[in-house]
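Okay, structure first, notes after.
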Protein chains: 2
Amino acid sequence: MTEGPTITTIAQRAGVSIASVSRVLNGLPTRPETERRVLQAAGELGYVPNSVARSLKSRRSNQVGFAIADIGNPAYLAMIREIQPLLKAAGYRLVLHSTGSDIAEEIEVLRGLGERYADGLIMVPLRMTEEHLKMFHAARAPIVIIGAAPDGAPVDNVRTDSRTGVRLALAHLHALGRRRIGFLNGPPDTVPGAARAAGWAEASRALGLPAGPELTEVGDFYRADGAAAAGRLLDRVPDLDALVCANDLIALGALDVLRRRGRRVPDDVAVTGMDDTDLATLAWPALTSVSLGSAERGRAAAGLLLDRLAGDGQGPRVVTVEPRLVVRGSTAGQETP
Amino acid sequence: MTEGPTITTIAQRAGVSIASVSRVLNGLPTRPETERRVLQAAGELGYVPNSVARSLKSRRSNQVGFAIADIGNPAYLAMIREIQPLLKAAGYRLVLHSTGSDIAEEIEVLRGLGERYADGLIMVPLRMTEEHLKMFHAARAPIVIIGAAPDGAPVDNVRTDSRTGVRLALAHLHALGRRRIGFLNGPPDTVPGAARAAGWAEASRALGLPAGPELTEVGDFYRADGAAAAGRLLDRVPDLDALVCANDLIALGALDVLRRRGRRVPDDVAVTGMDDTDLATLAWPALTSVSLGSAERGRAAAGLLLDRLAGDGQGPRVVTVEPRLVVRGSTAGQETP
DNA sequence: TTGTACGCGTTATCAA
DNA sequence: TTGATAACGCGTACAA
């Protein structure tokens with residue numbers, strides 16, 4: 001825990017100037033004898049370059065921020081698992097921000113970017129406020145938004161179409177003959193919540209299904225909230241024959257409640273989730289889920305950001321990932337492999 | 001994306017020296033008029049202090065590293081969820097390292113600590129080599145190891161007793177009348193793998209159960225490996241009446257195989273996991289699991305590290321978390337709540 | 001090929 | 001109270 005050696009220490013020990021030390025360490029041409037002495041001194045002292053000083057000089061931190069609402073959500077996890085290796089391979093460290101879906105904390109993360117602790121930021125915002133936009137414009141480092149960024153915002157954007165996702169789920173259930181289909185949504189004032197609500201309304205109308213509020217319950221995007229919402233909806237509409245859930249966690253909560261109430265899945269009530277997380281194959285019966293390509297979106301976001309960091313100066317780019325229905329036992333009634 | 005303002009820019013605009021700017025920004029006594037001009041200039045320019053320069057001067061990065069084998073393992077996840085808010089509250093950013101259980105990468109993380117990009121490190125190593133020990137001694141920043149650190153290593157240590165954990169599981173199954181109990185372990189050359197193997201041998205002997213290699217299968221700590229290992233063991237010992245698994249992921253793999261082979265759980269085969277992750281309550285039947293206090297260990301580790309960072313200069317400390325059996329449907333045969 | 005000296009943006013010391 | 005200036009550790013013109 002003593003003070004570490006610096007190039008000055010090495011220079012003294014090797015009897016050369018700090019410039020020579022720096023040159024040797026950076027592989028610039030030097031006389032073999034000088035190189036030998038420097039390397040020996042560095043080795044003996046256990047020298048490790050100070051990344052802070054290097055950053056101050058180079059104006060690059062070699063770090064990238066990743067901001068999400070909750071590290072516990074497996075959809076975000078799938079993103080991290082893709083992003084982290086890509087960043088590491090490119091020489092960047094990953095700074096993780098878990099904002100707890102608190103707007104103020106999200107803004108704080110954006111403001112922090114101004115401190116230059118990171119060379120770029122990937123963010124999955126739950127809401128999109130004026131404040132966000134202001135920070136986007138003020139940002140002095142590239143930002144990639146996973147989710148819906150407003151057109152014209154100076155950020156790269158990886159999006160998916162969860163409206164279509166809800167439609168896929170609803171069409172699937174409709175094709176299976178279900179007609180009393182309930183909807184368990186997340187907070188409608190969040191970006192994903194609003195998109196799913198819109199998709200629900202659209203698709204219901206298109207299929208000639210009732211789309212009124214009597215078939216919808218709202219809670220947070222967690223399992224316990226999903227269970228509570230499912231309980232309320234079942235109390236109100238006991239003859240439901242299917243449930244569309246706004247994410248897998250909510251669906252798992254719904255499965256808990258259905259099991260507790262003795263409703264068979266999928267025989268009595270079919271259930272769909274969304275995000276197609278690892279949890280979907282864990283549930284019993286395995287959960288039919290709409291994949292929004294979390295892993296793919298993570299990969300795309302990392303790619304976009306690395307392009308920027310490599311000096312790509314194009315205008316804002318948008319990558320779109322198509323939703324895809326993954327049918328499993330919770331709607332199909334067959335054993336999972 | 002233009003160059004950001006510095007205290008020099010502010011000083012020019014406000015017509016004062018950079019020293020005055022710094023004083024105002026740090027709340028040191030200044031004449032009201034000076035303060036006003038500085039704050040106005042700073043506000044107009046959208047000044048944000050450069051954390052890199054600040055770090056170089058203060059010799060503190062306000063970052064903490066957290067190194068784990070795989071972010072996808074929910075036991076680690078439980079730790080992060082505790083660690084991250086504690087660090088944030090104390091003003092530290094979290095730098096996440098996922099090493100893929102590769103020794104070389106773990107060593108690289110320890111070496112990286114020498115670059116002073118972080119003020120401290122929390123690490124959950126899977127193995128413990130001479131190289132690790134060397135790096136611990138050479139480290140110039142405090143390290144907290146979650147898992148078994150050798151006595152005398154200059155690190156704080158949060159440990160649990162997974163030997164006892166295996167004993168708890170085995171005793172539980174024995175008390176339920178099971179006598180042909182198999183063991184699905186992780187790699188025995190890892191710290192947790194070795195501890196669990198030792199616990200298995202000890203506890204089997206104590207209970208008068210066979211403890212030979214014929215009842216053990218080994219794989220990695222993942223679900224697919226658990227399934228493969230369970231398959232091999234069932235082929236060899238078809239009349240098993242229980243399975244002790246080295247973690248929850250392995251147990252979930254075992255549940256997959258048992259279901260596929262038509263063995264009822266727990267009636268035919270009782271199953272226990274370890275780590276008591278969120279997945280345990282997701283499985284069907286819900287998984288009896290030995291809690292090793294992941295969340296608690298994460299909290300303890302963060303606490304130890306923050307103490308150090310606050311200047312605590314004691315010798316290495318050890319915190320031990322007791323394992324605890326959590327009984328659920330996979331052994332008790334009752335509906336989960 | 002090598003050394004001197006400056007700058008990166010801050011904080012902190014010392015005179016004034 | 002304020003300003004000039006010296007660090008912090010590194011990279012790099014520029015001069016030798």
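So that the names make sense, note that chain A is the first sequence line, chain B the second, and so on, each numbered from 1.
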Does a nitrogen or oxygen in the side chain of A:T30 sit under 4.0 Å from OP1 or OP2 of C:dT1? no

Looking only at C:dG9, D:dG3, D:dA13, the nucleotide nearest the A:R23 side chain is D:dA13

If we ignore angles and hydrogens, is there a donor and acceptor under 3.5 Å between the side chains of B:R60 and B:Y92? yes

What about B:R59, does its side chain sit under 3.5 Å from the base of D:dG9 through a donor-acceptor pair? no

At under 4.0 Å between heavy atoms, what does A:P49 touch on the DNA or RNA strands: base, sugar-phosphate, or nothing? sugar-phosphate

Polar contact flag, side-chain donor to acceptor under 3.5 angstrom, A:Y117-B:N62: no

Is any N or O donor-acceptor pair between the side chain of B:K57 and the base of D:dA7 shorter than 3.5 Å? yes

Donor-acceptor under 3.5 Å (A:D119 side chain, A:V64 main chain): no

Candidate nucleotides D:dT2, C:dT10, D:dA4, ranked by approach to the side chain of B:T34 - the nearest: D:dT2

Tested for side chain to side chain contact (heavy atoms under 4.5 Å, CB included) against A:F66, the lone hit among A:I83, A:L305, A:V109 is A:I83

Report yes if a side-chain nitrogen or oxygen of A:Y47 is closer than 4.0 Å to either non-bridging phosphate oxygen (OP1 or OP2) of D:dC10; otherwise report no. yes

Most 5' of A:V48 and B:P32 on DNA chain D, judged by nearest nucleotide: B:P32

Side chain of A:R31: nearest nucleotide among C:dT2, D:dT2, D:dC10? C:dT2

Check whether any side-chain nitrogen or oxygen of A:S17 sits under 4.0 Å from OP1 or OP2 of C:dG3, and answer yes or no. yes

